[in-house]
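Residue numbers start at 1 and run along the sequence shown. Both backbone and side-chain heavy atoms feed into the values below; hydrogens, waters and symmetry mates do not.
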Amino acid sequence: MPGKSPYQSTPLRLGVALYPGFQALDVFGPLDCLNSLSRTEELSLALLSSTLEPVSTYSAQSPNAITQSIVPTHTYAAAPPLDVLLIPGGMGSREPTPLIEEVITFIQNTYPQLKYLITVCTGSGLAARAGVLDGKQATTNKKAWNEVTALRSQVIWVPRARWVTDGNIWTSSGVSAGMDVMLAWIGEVFGKKLASDIADRIEYTRQEDPHVDPFADLYGL
């Protein structure tokens, strides 16, 4: 297929790194793009967490917010081989807990075997803390810019970007940018037409230029 990566396995094996306090759209937006992709392409999906108990969006930083949960398919300790790892952001990514340390260790240990690493929002902060962004260009949520970029000075943080690609690492800005980066990645790996077809199917007006970032202006970056 034109546009398909020569490094792709069949099926393409994708994983999502879950933790308490993840941002719902960071996960479900890209997953819905992948759900549509799986209509024509062979994919496998692993939802990863410390245990197989449901993982909630609840965060102590917003105790009165309504929450949702997602049921993992695998633990980090028993994760299957992966080609792609998606790391969402969320309030929980900034909470100093043993579970977050487990996510960071998993990223660090798994990255060398990955074909692609994709982060959404403050998920890039977890990848940065794992050391896998050192010397690479990356971006993150613009509202949380100062907090996240302070986590790792070895990263070349790009303040004005909807998403950034550096080698096999794709990092995106806040929340809804996860859908843009996922569709851009689909376009790179499976072809631009298929990415456009998926955006039309889900009736999503995507941003196709990674350099257009109105939220950088909003937050003075």
List the atom of [X], the atom of [Y], and the distance in Å for their closest heavy-atom pair.
X    : Y    : answer
L48  : G15  : CD1-CA, 4.4 Å
G135 : I156 : O-CD1, 3.6 Å
G178 : P30  : O-CG, 3.7 Å
S59  : G21  : CB-CA, 4.4 Å
A161 : S173 : O-CB, 3.8 Å
A79  : H74  : CA-CB, 4.4 Å

Spell out, yes or no, whether [X] and [Y] are grouped together once hydrophobic residues are joined by side-chain heavy atoms under 4.5 Å, including indirect joins.
X    : Y    : answer
V84  : L45  : yes
L151 : Y219 : no
Y58  : V55  : no
F215 : W163 : no
V164 : I186 : no

Please report the interatomic distance [atom1]([X]) to [atom2]([Y]), rounded to the nearest 0.5 Å.
X    : Y    : atom1 : atom2 : value
D180 : Y204 : CG    : OH    : 3.5 Å
R162 : T171 : CZ    : OG1   : 12.5 Å
L86  : L117 : CG    : CG    : 8.5 Å
D83  : Q113 : CG    : CD    : 11.0 Å
N109 : Y76  : CG    : OH    : 12.5 Å
L31  : I70  : CG    : CD1   : 6.0 Å

Report yes or no: does [X] contribute a side-chain atom to a donor-acceptor pair with the main-chain N or O of [Y] at less than 3.5 Å?
X    : Y    : answer
T139 : V158 : yes
R152 : G131 : no
Y19  : G89  : yes
T140 : C121 : yes
Q207 : D209 : yes
T122 : G90  : yes
W157 : A150 : no
K136 : T165 : no

Derivation of the side-chain contact (heavy atoms from CB on, under 4.5 Å) call for E53 and S69: CA-CA 10 Å; E53 294 298 314; S69 296; over 6 Å; no
Is the closest side-chain heavy-atom distance between [X] and [Y] below 4.5 Å?
X    : Y    : answer
I202 : M179 : yes
M91  : S62  : yes
T149 : V155 : no
V120 : Q23  : no
S44  : R13  : yes
P20  : S56  : no

Test: K193 and D197 ion pair at under 4.0 Å: yes
Under 3.5 Å side-chain donor-acceptor pair for T119 and S124: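 Side chains of T119 and S124: no pair found under 3.5 Å.
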Steps toward side-chain contact (heavy atoms from CB on, under 4.5 Å) verdict (L34, M182): CA-CA 8 Å; L34 293 173; M182 183 57 70; 3.8 Å; yes
Side chain to side chain contact (heavy atoms under 4.5 Å, CB included), paired with L47, selected from V71, L18, L14: L18
Among T105, I100, V148, the one residue meeting side chain to side chain contact (heavy atoms under 4.5 Å, CB included) with R129: I100
Test salt bridge (Lys or Arg N to Asp or Glu O under 4.0 Å) applied to D200 - qualifying residues, sequence neighbours left out: none
Trace of the side-chain contact (heavy atoms from CB on, under 4.5 Å) decision for V189 with K115: CA-CA 11 Å; V189 176; K115 304 297 188 295; over 6 Å; no
Over 12 non-hydrogen atoms of neighbours within 6.0 angstrom of CD1 in I66: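 No, because the 6.0 Å sphere around CD1 of I66 holds 12 heavy atoms or fewer from other groups.
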F190 and W185 aromatic ring geometry - parallel, tilted or perpendicular at 30°/60° bounds: perpendicular
